[in-house]
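The chains referred to below are lettered A, B, ... by the order of the sequence lines, with proteins before strands, and numbering in each begins at 1.
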There are 2 protein chains.
Amino acid sequence: MASIKDVAHHAGVSVATVSRVLNDHPSVRANTRDRVLTAVADLGYRPNAVARSLRTDQTRTLGLVISDVLNPFFTELARSVEDEARALGYSVVIGNADERPDLQDHHVRTLMDRRIDGLLVSPTDGGSPLMLDAARSGTPMVFVDRWIRGVDVPVVRTDGRGAVRDLVAHLCALGHRRLAIIAGPAATTTGRERVEAFRSALREFGLALPADHIGQGDFQADSGRRMTARFLDLPEPPDVIFAADNLMALGAMDEIRARGLRVPDDVALAAFDDIPWFVHTDPPITAIAQPTGELGRAAVRALIDRVEGRTTDSVILSARLVTRRSCGEPEGSKP
Amino acid sequence: MASIKDVAHHAGVSVATVSRVLNDHPSVRANTRDRVLTAVADLGYRPNAVARSLRTDQTRTLGLVISDVLNPFFTELARSVEDEARALGYSVVIGNADERPDLQDHHVRTLMDRRIDGLLVSPTDGGSPLMLDAARSGTPMVFVDRWIRGVDVPVVRTDGRGAVRDLVAHLCALGHRRLAIIAGPAATTTGRERVEAFRSALREFGLALPADHIGQGDFQADSGRRMTARFLDLPEPPDVIFAADNLMALGAMDEIRARGLRVPDDVALAAFDDIPWFVHTDPPITAIAQPTGELGRAAVRALIDRVEGRTTDSVILSARLVTRRSCGEPEGSKP
DNA sequence: CTGAAAGCGCTTACAG
DNA sequence: CTGAAAGCGCTTACAG
């Protein structure tokens with residue numbers, strides 16, 4: 001592969017001059033510039049980004065550690081992050097934590113070793129020592145979707161409180177009284193917040209959330225299946241299962257179907273996070289939709305602000321309820 | 001951030017010695033080694049991967065350019081690629097082409113500028129000049145799923161021929177006679193091969209594939225919707241629509257539902273690529289399943305073989321038909 | 001407007 | 001067993 005030296009030689013100038021034209025430095029004579037550009041084209045020269053990064057101490061790369069690539073919510077988030085970053089002149093490298101703190105740490109470490117300019121994380125846990133170090137190390141960082149308490153890092157997330165309340169109102173209006181939730185890990189903010197929002201909405205409607213109606217999932221499909229089995233084995237099973245993400249809703253569907261039960265007749269089902277397939281499931285699934293694209297874009301803007309030395313605030317967007325048939329006939333239909 | 005110089009100073013040795021212990025060079029006295037390790041721990045030192053790469057001319061990173069992150073097939077592929085690569089000591093950086101040749105080229109260029117050790121690509125087109133250059137440039141490369149003709153690069157892919165024939169047999173057994181396909185871009189191998197396999201299976205069963213029963217899609221959802229609309233507007237619409245990937249099947253479902261039609265009563269539907277949600281759609285969707293995980297792992301092994309100077313062959317796995325209810329009652333049920 | 005030189009943080013032959 | 005030195009491919013003050 002041709003190096004800057006080859007180009008310099010070919011153009012009959014010094015490497016400094018080649019570097020200048022490559023970086024659009026104004027003080028290069030037009031004629032010199034043309035000679036260099038010709039040499040670049042002739043040799044098919046491409047600057048070595050590794051060498052440039054070492055020298056300039058910047059990689060123009062952002063790291064993104066997501067909780068689970070198999071979760072369409074995160075995949076859509078990753079997409080919008082990459083789009084916005086590219087528009088602003090940055091690349092992004094993604095690490096998939098697969099909901100495992102150890103894997104998350106692995107990726108944070110690898111990314112920092114590569115000297116990425118900034119780190120976007122949706123933490124799978126409450127903050128490992130490594131993660132805390134990273135946050136304090138001076139590498140610009142922003143949390144997206146999930147965050148860690150007690151760390152001075154901006155957060156870009158969705159507040160699902162209102163939508164969860166709307167969901168509970170919807171469920172009560174349909175006559176449901178025994179509501180259960182499959183929660184995410186208590187170590188994650190969204191794991192905790194969604195249960196809390198659910199609990200306080202229930203309270204508002206005069207309902208309780210007994211311990212055996214809280215299933216401890218891990219945001220992945222299998223746990224949704226296991227928790228659903230546990231609920232359905234209860235002497236008095238719940239009327240409704242609310243899955244705190246779409247993967248656990250998938251697991252719930254698997255279990256319900258395996259038992260030959262029907263949604264919503266035997267159990268109603270609702271999910272946090274909306275995905276295109278929810279329109280086509282049997283029945284279509286009521287879900288809480290996040291403004292995922294905007295979330296990703298806002299997170300990138302916040303991170304790049306930090307990277308480039310500007311200040312940023314946290315941003316909180318809001319989710320909305322999308323009601324479909326999985327909890328019973330929607331308002332306005334025949335009973 | 002501490003550098004190797006700081007560690008050397010702290011431990012009272014030269015940077016060469018520090019480098020040696022970091023790289024497990026045998027000729028370091030145990031005592032020296034311990035002193036260095038202590039300094040490393042004290043300073044929280046992490047080697048700068050950028051500097052190391054510049055010096056060693058290897059990044060221990062693989063590039064993966066996938067056609068579309070929003071497609072669960074590619075997302076699962078990416079997952080298995082990353083898993084296998086990590087197990088073999090490599091990182092992977094993913095570029096999402098979003099089915100756009102220009103974006104694909106952007107990522108190939110960026111990845112090569114970063115001097116990744118090897119490139120895994122599922123091309124979105126028939127081979128841009130840049131792609132052809134890359135293949136010839138000496139950077140180890142392997143195609144996965146899709147490939148480019150006339151380029152000497154190993155291919156790891158699935159042969160769907162047998163499964164497509166099984167699908168057509170299944171459809172004929174159910175009495176369908178007017179079969180249509182929503183194909184992928186003709187510039188892609190899978191775009192062409194799936195139509196070809198479909199056409200020759202039809203011929204085998206004495207059926208034709210008229211031009212107006214071939215919809216030209218682009219592997220993304222919208223095109224599935226548009227082509228389905230076109231089929232349904234035909235004076236004599238097809239009995240069955242076969243979508244060449246799961247995203248176009250989603251689009252087809254959208255259109256069918258928008259018209260208030262039912263699957264399979266009004267039109268039957270089948271898809272290439274199976275996803276977990278196909279079990280829960282209304283009705284469950286008959287699909288052709290690829291061994292996606294194995295595909296990704298085999299591709300990584302092939303690429304790393306090349307990177308490390310070994311030779312590799314192409315590998316061809318096979319797909320299988322998973323029949324569900326979207327084409328009519330399965331064999332053995334009541335009619 | 002251009003070049004010679006230093007230096008980014010590593011690794012590795014070469015000496016001793 | 002260890003160190004001094006060269007060099008990977010760039011960028012950028014410093015001179016001229």
Side-chain angles (χ1 to χ4, degrees), chain A residues 1-40 43-61 110 112-117 137-139, chain B residues 1-40 43-61 109-117 137-139:
Chain A
M1 214 155 243
S3 83
I4 196 171
K5 242 188 245 174
D6 303 314
V7 177
H9 192 79
H10 202 84
V13 298
S14 71
V15 297
T17 299
V18 176
S19 176
R20 288 198 191 91
V21 349
L22 259 20
N23 292 289
D24 286 318
H25 190 100
S27 73
V28 181
R29 206 153 36 114
N31 174 41
T32 313
R33 197 182 132 76
D34 290 346
R35 289 219 317 281
V36 170
L37 259 16
T38 311
V40 165
L43 299 172
Y45 170 72
R46 297 247 79 215
N48 182 330
V50 174
R52 175 178 288 176
S53 292
L54 178 60
R55 180 56 230 237
T56 61
D57 198 31
Q58 53 166 0
T59 51
R60 300 224 50 116
T61 299
T110 306
M112 306 232 353
D113 286 354
R114 306 228 151 141
R115 302 300 192 265
I116 41 121
D117 292 342
S137 75
T139 303
Chain B
M1 216 156 242
S3 83
I4 197 172
K5 242 187 243 171
D6 302 315
V7 177
H9 191 79
H10 202 82
V13 299
S14 72
V15 296
T17 299
V18 176
S19 177
R20 288 198 191 90
V21 349
L22 259 21
N23 291 290
D24 287 317
H25 189 100
S27 74
V28 180
R29 205 154 36 115
N31 173 41
T32 313
R33 199 182 132 75
D34 291 346
R35 288 219 317 281
V36 170
L37 258 17
T38 310
V40 166
L43 299 172
Y45 171 73
R46 298 246 79 216
N48 182 330
V50 174
R52 175 177 290 176
S53 293
L54 178 61
R55 180 55 231 240
T56 61
D57 199 31
Q58 54 166 2
T59 51
R60 300 226 46 119
T61 299
R109 196 177 292 116
T110 306
L111 259 10
M112 307 233 353
D113 286 354
R114 306 232 147 136
R115 301 301 192 263
I116 41 121
D117 292 342
S137 74
T139 302

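When heavy atoms are screened at a 4.0 angstrom cut-off, B:Ser53 is found touching no nucleic acid atom at all. In this structure, B:Val50 reaches neither bases nor backbone, as no heavy-atom distance under 4.0 Å exists between it and the strands shown. Across all strands, B:Asn48 comes closer than 4.0 Å only to sugar-phosphate atoms, never to a base (heavy-atom distances).
Remark on DNA chain D: of its neighbouring residues B:Ser27 and B:Thr56, the 5'-side contact belongs to B:Ser27, judged by nearest-heavy-atom nucleotide. A residue-by-residue look at A:Pro26 and A:Val15 shows that A:Pro26 has its nearest nucleotide of DNA chain C further toward the 5' end. In this structure, A:Thr17 and A:Lys5 both approach DNA chain D, and ranking their closest nucleotides by distance from the 5' end singles out A:Lys5.
Distance CZ (A:Arg55) to P (C:dA6): 13 Å, rounded to an integer number of Å. Rounded to whole Å, the distance from NE2 on A:His9 to P on D:dC10 is 16 Å. The distance between atom CG of A:Leu22 and atom P of D:dG9, rounded to the nearest whole Å, is 15 Å. Across the protein-nucleic acid pair, B:Arg52 atom CZ and C:dG9 atom P stand 15 Å apart, rounded to whole Å. Rounded to whole Å, atom P of D:dT12 lies 10 Å from atom CZ of A:Arg20.
Between the side chain of B:Arg115 and the base of D:dG9, no donor-acceptor pair of N or O atoms lies under 3.5 Å.
Side chain to side chain, A:Arg114 and B:Thr61 meet the donor-acceptor criterion of an N or O pair below 3.5 Å.
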